[in-house]
Amino acid sequence: MAVERTLSIIKPDATRRNLTGEINARLEKGGLRIVAQKRIRMTRQMAEKFYEVHAERAFYDDLCTFMTSGPVVVQVLEGDNAIARNREVMGATNPANAAAGTIRRDFAESIEANSCHGSDAPETAEREIAFFFSEIEIVG
Ligand code: CMP
């Protein structure tokens, strides 16, 4: 199996409820190593750029407002098949469709305030990791 890296974001709804530790425990129990992590406040410009692939979607404006409504924890996760593994641990985007025992099923408030983000493909992971962590070397 290939060792991969993926970009994870613990979203404002989760940091507001002090769920960072619980979410990190789920990630680690799921076989993912947190090799970089920082708590930041995204600016509007950052949110619009990060989610630019969704710019034409009806939810884009609200999503950018939500992502700047409080601190987020941005992380690089590493492990075998980390991208797919993280998506399994997170569960479906809409918590109503997320499997039992997943982060979103247990913690998400709505399809928008869904507690976490994870890259969806290797090219996206590369772009998203560079977006937040270009300035440091990740030692793993
Ligand atoms: P995320 O994995 O960060 O990718 C895009 C985000 O848009 C998604 O999680 C949700 O937080 C948000 N979102 C809001 N409404 C929708 C929707 N109808 N479909 C998909 N994503 C949505």
Side-chain angles (χ1 to χ4, degrees):
M1 262 189 281
V3 174
E4 283 177 340
R5 285 179 175 173
T6 189
L7 191 278
S8 164
I9 306 178
I10 300 177
K11 295 186 178 183
D13 67 286
T15 60
R16 179 168 40 77
R17 288 175 288 152
N18 255 358
L19 292 171
T20 300
E22 289 206 46
I23 290 175
N24 279 352
R26 302 270 184 122
L27 297 172
E28 291 186 337
K29 282 195 191 108
L32 294 156
R33 187 179 300 278
I34 302 163
V35 295
Q37 174 170 258
K38 60 186 174 185
R39 181 172 157 113
I40 62 165
R41 184 83 182 230
M42 285 176 84
T43 63
R44 180 89 197 177
Q45 194 183 18
M46 285 169 81
E48 286 178 356
K49 181 83 187 146
F50 183 80
Y51 281 118
E52 68 183 354
V53 294
H54 298 305
E56 303 307 319
R57 307 287 295 272
F59 60 78
Y60 177 68
D61 210 53
D62 278 354
L63 174 62
C64 293
T65 300
F66 164 64
M67 290 301 289
T68 56
S69 67
V72 297
V73 177
V74 293
Q75 324 174 288
V76 179
L77 309 179
E78 187 177 271
D80 287 336
N81 288 326
I83 296 167
R85 192 174 278 230
N86 183 38
R87 293 174 74 76
E88 252 173 55
V89 175
M90 289 192 299
T93 303
N94 186 344
N97 301 328
T102 61
I103 292 170
R104 284 165 168 165
R105 172 68 170 264
D106 292 344
F107 300 129
E109 295 180 323
S110 66
I111 191 169
E112 176 179 271
N114 63 354
S115 301
C116 52
H117 164 84
S119 310
D120 62 4
E123 312 73 53
T124 334
E126 196 177 337
R127 176 183 92 81
E128 293 182 351
I129 290 169
F131 187 89
F132 287 110
F133 291 96
S134 57
E135 78 282 14
I136 60 164
E137 185 191 352
I138 299 165
V139 294

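In listed order, ligands and their atoms are each counted from 1.
- Put simply, the side chain of Ile40 reaches to within 4.5 Å of the side chain of Val74, judged on heavy atoms.
- Of the candidates Asn24, Thr20, Asn86, Thr6, Asn24 is the only one forming a side-chain hydrogen bond (donor to acceptor under 3.5 Å, both in side chains) with Gln75.
- Of the N or O atoms in Tyr51, one or more lie within a sub-3.5 Å distance of an N or O in ligand 1.
- Atoms of ligand 1 lying under 4.0 Å from any heavy atom of Lys11, numbered from 1 in the order shown and given with element: 1 (P), 3 (O), 8 (C), 9 (O), 10 (C), 11 (O).
- Phe131 and Phe50 have their aromatic ring centers within a separation under 6.0 angstrom.
- Considering Arg17, Arg105, Lys11, Glu109 in turn, Arg17 is the only one that fulfils the side-chain contact (heavy atoms from CB on, under 4.5 Å) rule with Ser115.
- By the criterion of a heavy-atom distance under 4.0 Å, the side chain of Leu63, and not its backbone, is placed next to ligand 1.
- Nearest protein heavy-atom neighbour of atom 10 (C) of ligand 1: Ile111 O, 3.2 Å.
- Heavy-atom separations between Phe66 and ligand 1 are all 4.0 Å or longer.
- Annotation for ligand 1: atoms under 4.0 Å from non-hydrogen atoms of His54 are 5 (C).
- Among protein heavy atoms, the minimum distance from atom 2 (O) of ligand 1 is reached at His117 ND1, 3.2 Å.
- At a 3.5 angstrom cut-off on N or O pairs, Thr93 does not count as close to ligand 1.
- Within 6.0 Å of CD in Glu52 there are more than 12 heavy atoms belonging to other residues, nucleotides or ligands.
- Numbered from 1 in the order shown, with element, the atoms of ligand 1 that lie under 4.0 Å from a heavy atom of Arg104 read 2 (O).
- Among all protein heavy atoms, the one lying closest to atom 15 (N) of ligand 1 is Phe59 CG, 3.4 Å.
- Residues Glu48 and Arg44 are paired through a salt bridge, judged by an N-O separation under 4.0 Å between the basic side chain and the carboxylate.
- Glu78 contributes no side-chain N or O that, together with a main-chain N or O of Arg33, makes up a donor-acceptor pair within less than 3.5 Å.
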